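Quick caveat: nothing in here was measured; it's all calculated off a predicted structure. What's counted below: heavy atoms across the whole structure, side chains too, no hydrogens, waters or symmetry copies.
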Amino acid sequence: MATVTTTTAILSFHSQNPIKTLPSFCLSNIPFSISKPNFTSFTNLSLSIPASKSNNANSPLNRYSRFSCNCISTATPNTNYEFSDSSSEVELRLSLVGLDIQSSRDIFVDADGTSLVVQVQHSGSLITLIETNKMFEKIKPAETIWFIDDDQLVINMKKQDPDLKWPDIVESWESLTAGSMQLLKGASIFLVGDSTEINQKVARELAVGLGYTPLDTQELLETFAKQTIDSWVLAEGSDSVAEAECAILESLSSHVRAVVSTLGGKQGAAGKAYKWQHLYAGFTVWLSQTEALDEDSAKEEARKNVKDRSVAYSNADVVVKLQGWDSDHAKSVAQASLSALKQLILSDKKLPGKKSLYIRLGCRGDWPNIKPPGWDPSNEAESIS
């Protein structure tokens, strides 16, 4: 079992569109394990969602809403269960073999929101068959039913979102990578942030998990220029490198099913707000290292970054705050990023289609308020001046 104790990820995501009802969740800094896969992580999550900007100060689009709460994600190591999704509901079958259940009074089922606890009375003590507060998505607790079928406990739960296909009962790396395909609808993912190495490591994990094409702007640039980024910066300056990466991003903006790692630091195009025109073509994840000493401080830092937009990376759809870094645990950061992306898209299922429209109209820089065909950003700039 892999144990993550050195890297803490605090997540924030925001939608560029108004949201009426927001689900909330947060993984606190408590170890959690899930049976599929055999994995233990130490993670913090906080989420904040600003609505999209509008020229009308009184518009509901200008509302800024945040949400966060604390929870832990746990599951017992018992993998002896069967799971199925039948559109409007999911069914979980747990084996009762060898537990000598005398009656239904020996069974305790507590299902609420995204949490599920199933225990049985055996030989005078309670045995936990499964326990998690991170099911793949939300259920309708009042409509949960369970019964005994021969040597199995059958639990039927109504899904809040009948259109979302659940790959498994628990949100895990496997279920997230499988479930994200239906949500992303082929949209690419761009990893941005000050560390090129972190962007690269997490991007590779995401690409492998999703079955996407891994693309690395550093590798592409160095192959083209036949020199390292460092030597390029020394010879021509960081602005020259950023300009070249911007051209690379333009050529990649029409690609689908790709995970792109970008350059970090001053030489990276993503570090300059005026060079985001082609990054908006996909879902962007900001991998941000923090020196915050506690979860609350990191949450506040993420909220401040998103609200004041003083850093170009704050244009990203998803913010992941990293307290420490160990490349061996890049998958845990990738998993946390996918979890937040999932919640972002579920909050507005039109986002992938909107990204596709943005690409088809030529990535003109008018994200998120896409203008009609024929709109020319240069004409608007002239009229403002």
Side-chain angles (χ1 to χ4, degrees), residues 177 180-181 184 186-289 311-313 315-318 320 322 325-331 333-335 337-338 341 355-356 358-360 362-365 367:
T177 51
S180 294
M181 300 299 290
L184 290 168
S188 293
I189 299 173
F190 294 84
L191 279 294
V192 303
D194 279 327
S195 172
T196 302
E197 179 200 353
I198 294 177
N199 297 343
Q200 291 170 334
K201 297 287 186 182
V202 177
R204 287 169 192 158
E205 292 291 348
L206 285 171
V208 171
L210 293 171
Y212 272 28
T213 301
L215 295 170
D216 181 349
T217 60
Q218 177 179 345
E219 181 180 337
L220 293 171
L221 287 166
E222 290 181 342
T223 300
F224 167 77
K226 295 181 173 54
Q227 63 179 325
T228 66
I229 296 298
D230 288 341
S231 62
W232 190 342
V233 171
L234 287 174
E236 301 183 37
S238 59
D239 286 346
S240 173
V241 176
E243 195 64 36
E245 187 184 28
C246 194
I248 292 287
L249 292 171
E250 180 178 1
S251 67
L252 297 180
S253 62
S254 60
H255 283 53
V256 295
R257 297 179 179 86
V259 181
V260 182
S261 60
T262 64
L263 291 176
K266 294 180 180 179
Q267 66 264 35
K272 305 177 189 302
Y274 58 90
K275 293 189 179 296
W276 270 69
Q277 179 177 348
H278 300 288
L279 286 168
Y280 290 132
F283 286 100
T284 47
V285 180
W286 175 17
L287 304 177
S288 172
Q289 292 179 287
V311 181
Y313 299 131
N315 288 321
D317 298 299
V318 173
V320 182
L322 303 175
W325 167 249
D326 186 331
S327 60
D328 290 339
H329 307 308
K331 184 182 285 189
V333 180
Q335 178 176 338
S337 301
L338 274 185
L341 276 174
K355 293 282 187 183
S356 179
Y358 180 78
I359 295 171
R360 294 199 304 273
C363 297
R364 302 170 301 179
W367 183 267

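- Residues K201 and V333 have side chains not in contact (no heavy-atom distance under 4.5 Å, counting atoms from C-beta outward).
- Summarising the geometry, atom CG belonging to D230 is positioned 7.0 Å from atom CD belonging to Q267; distances are rounded to the nearest 0.5 Å.
- By the 4.5 Å heavy-atom criterion applied to side chains, D194 and Y313 are counted as neighbours.
- The shortest heavy-atom contact between Y212 and S188 is CE2-CA, 4.3 Å.
- W232 is not listed as a side-chain neighbour of E222, based on a closest heavy-atom distance of 4.5 Å or more.
- The two residues S327 and E197 have their closest heavy-atom pair at CB-OE2, 4.1 Å.
- Here L249 contributes atom CG and W276 contributes atom CH2; the two are 10.0 Å apart, rounded to the nearest 0.5 Å.
- Here the rule is side chain to side chain contact (heavy atoms under 4.5 Å, CB included) with V192, and of T262, L287, V285 only T262 fits it.
- Summarising the geometry, atom CZ belonging to R204 is positioned 7.0 Å from atom OG belonging to S261; distances are rounded to the nearest 0.5 Å.
- Note that CG of L279 and CG of L191 are 11.0 Å apart. Values are rounded to the nearest 0.5 Å.
- Applying side chain to side chain contact (heavy atoms under 4.5 Å, CB included) to I189 and the options T284, V202, L184, D317 leaves one that passes, L184.
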Residue pair C363, Y358: steps toward the side chain to side chain contact (heavy atoms under 4.5 Å, CB included) verdict: CA-CA 5 Å; C363 297; Y358 180 78; 3.7 Å; yes
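- Sorted by first and then second residue, the side chain to side chain donor-acceptor pair (under 3.5 Å) pairs with a member in residues 245-260 read T217-E245; sequence neighbours excluded.
- Of the possible polar contacts, none joining the T196 side chain to the L263 backbone as a donor-acceptor pair under 3.5 Å is found.
- Note: S231 OG to K226 NZ = 13.0 Å, rounded to the nearest 0.5 Å.
- Distance CD/Q218 to CG/N199: 10.0 Å, rounded to 0.5 Å.
- Applying the side chain to side chain contact (heavy atoms under 4.5 Å, CB included) rule to S288 yields the partners W286, K321; only residues at least two apart in sequence or on another chain are considered.
- Partners of D239 by salt bridge (charged side-chain N to carboxylate O under 4.0 Å, His left out), not counting sequence neighbours, listed by chain and number: K272.
- Between V241 and E236 the shortest side-chain heavy-atom distance does not fall below 4.5 Å.
- The two atoms that bring P214 and A207 nearest to each other are CB-CB, 3.7 Å, heavy atoms only.
- Taking all atoms of both residues into account, the shortest heavy-atom contact from A334 to L206 is O-CD2, 3.7 Å.
- Closest of all the heavy-atom pairs between T177 and G209 is CB-O, 3.3 Å.
- Contact annotation: the side chain of Y280 never approaches that of R364 to less than 4.5 Å [non-hydrogen atoms, C-beta and beyond].
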